Amino acid sequence: MSETMLTYTLYLAALLFSSGTYVVITKKNSIFVLIGVELMLNAGNVVLAAFSQFDPSINGQIMAIFAVVLTVCEVSIALAILLNIYRKSGVSNLDELNEIGN
Amino acid sequence: MIVSIQIFLLLLVLSGVGIILFTKNIVHAAYALCLTLIGVAGVYVLLSSELLAVVQIMLYAGGVVILLAFGVMMTNRLRGEKVLSGSNNKFLGTLISISVFGGLCYIISSASFETTGGALAEDQIAQIGVSFLTDHLVAFELIAFTLLVALVGAAYLAKMAADE
Amino acid sequence: MSLIEQLNSILNELQGVWTETALMLGAIVTLLVGLIKRLDKLVIVVYLLSIVVSIALNYNNTLSGSILSGSLALSSLSSSFGFIFLIIGGLLPLFGRAKQHRTEFFFFILAMLVGSLFIMKANNLLIIYLAIELVSFCSYILTNFTFKEKSFEAGIKYLLFGAICSATMLFGLGMIYGATGTIQIRGWNEVLFSGLFAQVGFVLFLVGIFFKISLAPAHLWVPATYQEAPADAAAFMSIVPKLAALVLLQRLFNTEIFSDDHWVLRLVFALGMLTIIAGTLGAFKQRNARRMIGFGAIAHSGFLLPFALLQTTTSSDAFWYYSLIYGIMNFAAFFMLDRYEKTGIYEVADYNKSHKETWIGVVFSLILVSLVGLPPLAGFTAKFFLFSTLWESGLMMYLVVALLATVGSLFFYFRIPKSIFLSAPVDDRSINFNFSTKILATLFCIVLLLLFFVPQMVMEAQQLLNNVHE
Amino acid sequence: MQNILTYIFILPLIVALMMLFIPAERWGIFRRLSLATVGIQLVLAVLLMINFDSSLIPENWEGAFQFVEKVDWISMSFGSMGSISIQYFIGVDGISLPLVVLSSFVLLIGVISSWNIQEKAKGYHILYLILSSSIVGCFIALDFFLFYLCFEFMLLPMFFLIGIWGGKRRSYASIKFFLYTLLGSLFILVVMIALYLSVMDGEVHTFSMVKMLDGAYASNTVLDPGSPQLIFGYSARVLAFLFLIIGFGIKLPAVPVHTWLPDAHVEAPTPISVVLAGLLLKVGAYGLLRIAYGIFPDVAVEFSGLVAILGVISILYGGMNALAQRDLKRMVAYSSVSHMGFVLVGLASLTAVGFSGALFHMISHGLISPALFLIAGVIYDRTGNRAMENFSGLAEKMPVYTFFMAVCFFAGLGLPGLSGFVGELMVLIGAFGSDQFSMWIGILATLGIAISAAYFLWTIQRMFYGKYFVREAAWEQNMLDLNAREKLMLIPLALLIIALGVYPRWILDFSDETIRFFTQQFSLIQP
Amino acid sequence: MKELLIILSLFLPVVGGLLSAIFNKPVVAIIGMGMSLIASALTLILGVNLQVTLEWLPGYSLGIIVDDTTLILTCLVIFISLLVHIFSMEYLKDDLGKNRYFAKLGLFTFSMIGLLLADHLILLFIFWELVGLSSYLLIGFWYRKEGVPSSARLAFMVNRVADVALLIGILMLNKDGSLNISEMNGIWLFVPSILMAIGAFGKSAQLPFSGWLTKAMVGPTPVSALIHAATMVAAGVYLLYRVGPFMHEVALTWIAVIGTLTAFYAAVCALFQHDIKKVLAYSTISQLGYMIMGVGVGAGSAAIFHLFTHAFFKAGLFLGAGAIIHYMHQATDKDAQDMRNMGGLKEKMPWTFRAFLICSLALAGIPFFSGFMSKEGIILAGWEWANQTGTWSYMIPDIGLITAFITALYVGRMVLLVFFGQSRISSSVSFTENLQIKLPLVLLALGSIWIFFNWNPLAHETWLQGFWMGNDLPVEVSSMLVMLLSIILSSAGLALAYSFFKPGSTYAESYAGFGQKKLKILLEGLYLVALYEYLGKFVSQCAEFLSKIDEKVVDGILHLLGVGTVVLAKVAALIDRFVVDGPVNLTGFVSTAIGDRLAGLSSRSVQAQMMWLIVGVILILIWILFF
C-alpha cells in the first residue's frame, strides 16, 4: 500500500470526522446527533485501520474492533436514556432539553 | 480494478455522508449511515483489515443502525408523517467543520509516514484471537466487563422507561 | 517469546490485577445478590466485602513496573491512589441510599472503581481508551439514577459530550499510533513526536483525558451532571475518575520527551490556569448549591493539575496530600449537600431556612472553608503544598492565578454560610437533621482539622500502605 | 510561670470547646464564662508583664525573646523541600509584650460591651473566644506558620461576628472584609513559602521567625541576600518585602486598600468594632514591624520612602475623609485610617524613636479607638442611629457621656496629656530625624494633626454643643446618660489613655532595649 | 521644699478646680488659687532657682526651669486668675454650669503656669496645647447659645494651625540640637525661626491670626479677662521672649513688622466698635502687637514689662466691663454690651468707674500709669533699633506712636460713652457693687498705677526688670524726644476723643454724624475741623474697610479655608467611593460578567457545549501551529 493511498484514506477520515462535527453541532434531533457521533468514531477507526497495515502486530485493527464494540454499547445506553426522556416529556430534540439551568 | 473499487467506495461513503449532512429526515439519515458504514467497511478491506470490516458490517451496519432505527421509531411520534429534524447553528457548524477538515487535511498533507512496516501475518483472525488472550488479555477482560456494564445499564434504564 | 512463556509470565503477573478482578467479581456478585429478593439486604455487605478484599489485595500487591505485555504499569503512586479510591468507594454507603436501585447503583460504582483503577494503571492506548470508556459508561448511567426528567436530560447531555470527547480521543489515538507505530506509551520517542501530526494527535488524545479530569475546555459537562446526578454518584464522580485520570496524566508526562519547557507542558499549564479561572468565575452567580460546588470542583482540577505535570518529589508528595484532602473535602461537601437536599434545600438562597440547625451549618461552613483553603483545616495545608510546589518549580504565573482564584473561591463558597447565618432567617420547622448526619458531619470536620494539625499522618499513611517500590 | 504564654493562648480555646456542650438556652452563662476567661487572660498577661525582664539587652534575635516555648509540631519529609519542620514556638519580646497585654485588656472591654447580646449568645461567645485566642496567638507566635495560622484564623470568627450580629449591610461588609484580608494574607503566604525555602536551622528548613530575623539563609536560595535572585525581573527580596507591605497594608489598613474598614466598622456590632479597631489593625502593624521590617531590613532601607509616602497619604486622606463623614462610626473608622498612617511613617523613619512611636501609637490607638467606638455605640444603642445631623446639644442631656467623649476625642486629635499625642509626637520626631526621606514627609504628616482636630471638633460642635435636639421623638425617652456598664468600660480606658499620655514610659520601658537592638540592624546596612 | 512649693503652685489651681467641681463649692477653687498664690509668692521671696528634669520619653528628658522671670510671671498669672475667680463667683452665681466652669478655669491656670515653667520646648508645646484646650472649653462654656460652639471651634482651630507650625519648627530644631531653652546657643535658621514665630502669632492673635480673639468674646467675660490679661495671649509673647535671642535676624524683622502692623490695625478697628468687649478685644490685639514688636526689635524685657502692666489694666478693664455688662443685663433687654445703650454709669457704679478709668488711662498710655512706662520702653527700643538698622525701619516705632494716639482716642471714646453723659436707657435698677466685684477691680486698678513699677512716672524701666534677663539694647538720651512725642500723642488722642465723644456730642452715639452737613459747617468754621472731619472720614472709611477686611478677608480666608477643606473632603470621599473602590467593584463586575458567560455556557444546550469544546480544540491547534 502506497503512501498516497494512506494519505487519501486519512483525508477520508478527516472528511468523516468533520462531517460528524457538523452533524453534531447543527442537527437538533438527538438521534441525529448520535449518527454524527458515529461518523466521528468511524473516522477514528479509519485512521487506526489505515496505520494498522504497517504494523505486524495489527494493534490498530484490534483497537478499532474494540472501539466498534464500545460504540455499540454507547449507542445502546444513549437510546435507553432517550427512551426515558421521550417517555417522560415527549421530547426528542436536544434544544428542547433545557430544564437544567441555573 | 483497485482504483475503480476505491472510487466506488468513495462514492458510497460520500453519498452516505452527503445524505446525512443535508437530509432532514432521520430515517433517511439512519439508512445513509448504513450506506456510509458499509463503504467504510469496504475501505477496511482495502486496508487489509478484514476482521474489522466484518465486525463493522455486523455490529455497526447491523446493530447500530437497527438500534438507531428503533430509536427513531420509539422516540418520535410516528403517525405516518416523516420524522424530521431541524438544524441550528448552521453557519457556525459549517465554519467549524470546514476549519476542522481544512486543518486536518493540512496536517495530513504536511506529514510524512513510515510506510515500510513488516509484513502482515497471513491469518489475521488467528493472530487477533491469540493476542486477545496474551497481549490484549487485560483489554479483552475489560471489554467483556464493559459490555456487561453497558448491557445491565441499558437494560435497566430501558426497563425504567418501560415501567412508566 | 513463545506462547507458553508468554502465558506463564501472564500467570505470574496476574496478581497485579487481582484488585480489579476482585472488584469485578464483587460487582457481579452484588448484582446477583440484588436479583434475589430475599438477599437484597446483603447488597451493601457484599459491596463492602468486595471493597475490603480489594483493599487487602491492593495492599498485598508488590509488583511494580510494566506487566501483562505492557498493558498495565504499576507504581507506588497508583497503589496508594488505589487506596483513596477504594476508601471513597467504601464510604459511599454513608449517604444512606434507599433500597430502590441500590443493587444497580453499587454495581456501577464497583464498575467505575474497576475502570478508574485501570485508567490509573493503563500503560497502552487501548487500555486507556477502554478504561476511560468504562468509567464514562458507568458515569452516564449513574447520572440518570435519580430517574427524574432532569437527570435523564443531564445524562444524555453528558453522554453526547462524552461521546464527542471519546471520538476526538480515538482520532487522536489513531494519529499517535500512526506517528509512533506503537500503542505503548513507553514506545514514544522524541523524533517521532517532533512531527506536527503526532503533536496534534497527542493534543486530541489529551482531550479525552481532560474530559475525565474536567479540564478546560472539556469541563463543560460538569455543572449539569453534578447538579442532577444522585449526590453520592456525583461525589464519587468528582473524586475518583478525576484523580485516576490525573495519575494517568502524571505517567504520560513522566518521560524525557516532555522536558522542562516542552510546548505541551506549557499548553497544559495554560489550560490548567484557564480551568481555574473558568471554574472560579463560573461559580460566582450560580444559584444551585450543587452546581456551584461543581464549578468549585472544576477549579480544583486546575489546582491538582500541576502535580501531575511536575515530576519533582515535592510535587508527588504534594499530589498525594492534595488528592487525599480533596477527596475527603469533596466527599464531605457532597454529603452535606445531599443532606440539605433531603430537606428540600437546593438553592443557595434557600439555605437560610436551615438557620436553626446551627451545628450542621457550622460544620458545613468549616468544610467549605477547607475547600477555600483556609487554616486551620487540611484544605489549607493542601493549598500550602500546592503553592510551595508551584514556587519551587518556578511556575509564577500559575501561582498568581491560583492565589487569586483562592480569593475568588472564598466569594462563592462563602455564599452558603452567608445564606445560613447572615441572611434574613426563614423559619422552616420541617428542616432538621438526624443524629447520624450530625455525627458524620462532625467526623468529617474532625478529620479535616486533624489532618491540618498532624499532616505527617497522611505522608506516613502513604509509606505504611504502599508495598510497591520502584 | 514558664508556660504562661501557652495558658494565655490556649485558655480561650478550651473554654470555647467547653461552651459547645452547654445548651444554648442558658445564654446567660456564656457571657459570664467569657468574662471569666478573658479576665484570667488579662491577669495572666499582667503577670507576664510583671515578670518580664525589660533590662535584657539582646545580642541577636535568638536572645531577644523571653518566656520562650518550643515544641515540635509538624515534622515530615516533603519532597525535595526536605523535611518540613513546624514548631509550636512562642515567646515575647519588648515589642509583642505590650501588645499581648493590650489584647487581653481590649478583649475584656469587648466582653463587657457584648454583655447584652442575647441572640445566639452561644455562638457569639464561642467565636469571640476563638478570636481572642488567635489575636493573642499572632502576637506571641515565633513560628511563621503558627503566626499565619492565627492571622488567617482571625478572619473566620470575624466574618461571622460581623455577618451575623452586624447592621443592615452586614453581609456585604463581612464579605468585603473577608475578601480584602484574605487577598492580603495570600501575599503573606507566598512570602512565607519563599522564606521557608530559604531559611535553614542547621540542616533543616525552618519556619522559625527567629532564624529568619537573624538571617540564617542558606546560600543560593531565593531570598538569600548574598545571592539576589530575580523573579519577573525584580529582586526576590524586594518583591517579598512589597508583598508583605501589601499584605499587612490591607490589614493595617493603608490607603488605597482601606475601603473595607469603614464598611466593616459601620456594620459590625460595637464590641466587634472595638476589637477590630483596637486589635486587628494592630496585627497588621505588628506584622509589618516584625516581619516586613524585621526580616527584610535591607529592603526596608531601600523602600522606606515609599512606605512613608503611603503613611502620609493615609494620614491626610483618612483625615480628609473623616471630615466629610456624617456617620459617627464612619468618621471614627476613617480616623483609624489616618492614625494608622502614623504607624507607617514611624516605621519608615527607621529610627529608634520612630519605631517606639509606632509601637506606642499602636498601643495608644488600641485604647483610643475602642473608646471611640464605644462612644459611638452608646448613641447607637439608644437610638439605632448614628447620623450626626440627627443629634445636637447632647452635652446638656448626657454630661457624663460628653465628658468621656471629650477625653476620647481629644485623645484622638492628639492633645498632649493624652496618649494619642505621645505616639504622634514620637513618630514625628522620628520622621524629622530620619535620613530615609525628606523633611516634607514629616511636615505633611504634622498637618494631619490639624486635620484630626478639624473633624473631631466639627463633630463635637454638631453633636454635643448647641441646643438639645434629637431627630425623632421616640428616641427622647432613651436619651439617658451612661449606665454603670458603660462607665465600667469607659473609665478604665480613659484612665489608661490619660496615664499613658502623662507618663508614656510605662510602656516604652518594656520595648526600649528591643527596639534599640532592632534599629541597630538598619544602621548596619549600607544603603 | 522648693520643689514642693513649685509643684503646689502648679497643681493647686487644677486640683482646686476639680475639687470645687466635684463638691460643687466654688470657694474650694478660690482657696486652691489662693494657696497657689501663696506658694508662688513664697518661691518668689525665697528666690528659688532650680531646674528639674524627668525622662519622659527614652532620650527625651523634659525639664522645667524655675528662675526669676518664670516666678514673677507665675505670680502674675496666679494673681490675675485669683481675682478672676473671685469676680466669677459673683458673675456666674446663678449659672448652672459653674462647677465645670471653675474646673476649666483651674485647668487654664495650670496650663499657663506649666507653659511658663517649661524649659524643654516639647514640654512647652504640651502646655501650649493645653492652654488651647482650656480656652476652647471656656469659650464654649455657654455651648447652648447660638454662635458659641462655632466660635470656640474657630478659636481652637486657628490656634491649632499655628501650633502645627510651631511643632514643625520644634521638630526641625530637634534634628540639630537641644530643645532645652536653657541649653540653647547659636542662632537658628530662618525657617524654624519663622515657624516658631507663627506659632506665637497664633496664640497672641497677631495678623493674620487675630480673628479668633474677637470671636472668643462669646465666652463669659471673666474668661475674656483671663485670656486677655495673663494666660493665653501672653503665651506667644512669652515664647518669643524666651527664644528671641536665638532667632534668625530676618525672622526677627518679620516679627517686628507683623507686630507693628497688628498694633496699628487693631487700634484702628477698636475705634469703630460699639460693643464694649470688642473694643477691649481689639485693644488687646493692639497691645500684643506692641509686645511682639518689642520682641522683634530686640527689646524682650520691655515686651515682658508691657505684658506685665497690660495684664493688670486689661484684666481690670475686662472685669469692669464684666460688671457693666452684668448690670446692663439686669437693667435692660437691649444689647447689654453695646456702648450706645450705656452712658451715665458713673453714678450707678462708682467703684467700677474709678477702676475702669484708671485702667483706661493706663491703656491709653498716659503718664503716671503703668501702661505708659512699658509702652514707652517698647517704642524707645524700636527707635534705637531703627537707628541701627536703617531708614525704613523708623516706620516701626512711628507706627507704634501713631497707634498710641489711636489707642488714646478709642479709650477716650469708650470711657465717655460708657460712663459719662446721661443714661440712654431708662432703668431704675440699682446695682450693688459687692466685695467680689469691688476687690478685684480695686486691686487691678492699683496695679495700674506707676508707683508699683518705678518711682519715676516717666521711666521706661521697672525695678521688676531685675527679674528677667536684661538683653535689651541700651537706650540713649535722645529718646526723650520720642517720649515727649508719645505723651503728646496720647494726650491728644484723649483730647480728641473728648472733643468728639463728650456727652451730648452728636458723634457720641454713632458715627452717622459724619454727614455732609457737619462737614460743611466744619469747613466754614475751622479748617482744622474740616481736616479732622476729612481725616476722620478717611480714617473711618479706612477703619470700616479694615474692619471689613477683618471680617471678610481674615475671617473669610479662614472660612474659605474651612469651606475649602470640607469641599475637598467631600471630593475625597467621592473619589474614595468611585475611584479607589472602583477597581475592586470593576473587577467584581467584570468577573461576574465573565462568570455569567461561562455559567451560561455550561447551562446552554449540549450542542453549544460541544461547539465550544471543538472551538477550544481548534484554538489549541492554532496555538500549536503558529506558536
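These numbers were taken from a predicted model, which means no experiment stands behind them. Letters go in sequence order (proteins before strands), and every chain restarts at 1.
Comparing A:Ser52, A:Ala64, A:Cys73 by how many heavy-atom pairs each has under 4.5 Å with chain C, the most go to A:Ser52. Here C:Leu160 is the residue among C:Asn124, C:Thr143, C:Leu160 with the most heavy-atom pairs under 4.5 Å with chain A. No other option in C:Ala163, C:Ser166, C:Gly162 has as many heavy-atom pairs under 4.5 Å with chain A as C:Ala163. Considering only heavy-atom pairs separated by less than 4.5 Å from chain C, the leading option among A:Thr21, A:Thr71, A:Ile62, A:Val37 is A:Val37.
Using a 4.5 Å heavy-atom cutoff, the side chains of A:Ile81 and C:Asn144 are in contact. Within the 4.5 Å cutoff, side-chain heavy atoms of C:Phe137 are placed close to those of A:Leu70.
Within the 4.5 angstrom heavy-atom criterion, atoms from both the backbone and the side chain of A:Ala13 approach chain C. Heavy atoms of C:Phe197 lying under 4.5 Å from chain A belong exclusively to its side chain. With a 4.5 Å cut-off on non-hydrogen atoms, A:Asn42 does not touch chain C at all. Using a 4.5 Å cut-off between heavy atoms, A:Leu39 does not touch chain C at all. Contacts of C:Leu204 with chain A are absent, with no heavy-atom separation under 4.5 Å from either backbone or side chain.
In this pair, A:Phe17 and C:Phe171 present their aromatic rings tilted. The plane angle is within the 30 to 60° band.
When all heavy atoms are compared, the tightest approach of C:Thr168 to A:Met40 is OG1-CE, 4.4 Å. Between A:Lys88 and C:Phe152 the shortest heavy-atom distance is CE-CE1, 3.6 Å. Closest approach of A:Phe66 to C:Leu130, counting heavy atoms only: CB-CD2, 4.2 Å. Of all heavy-atom pairs spanning C:Leu170 and A:Leu41, the tightest one is CD2-O, 3.6 Å. When all heavy atoms of C:Leu159 and A:Ala78 are compared, the pair lying nearest together is CD2-CB, 3.5 Å.
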> Given the rule in the side-chain contact (heavy atoms from CB on, under 4.5 Å) test, do C:Leu126 and A:Asn59 qualify, once you have shown the distances and angles that lead to the verdict?
Replying inline: CA-CA 9 Å; C:Leu126 178 55; A:Asn59 284 327; over 6 Å; no
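Taking CG of C:Leu173 as the start and CG of A:Leu48 as the end, the distance is 7.0 Å to the nearest 0.5 Å. How far CD1 of C:Ile164 is from CD1 of A:Ile25: 7.5 Å, rounded to the nearest 0.5 Å. The line from CE of A:Met63 to CD1 of C:Ile183 is 6.0 Å long, rounded to the nearest 0.5 Å.
The neighbour count for A:Tyr8 OH, taken as heavy atoms of other residues, nucleotides or ligands under 6.0 Å away, does not exceed 12.
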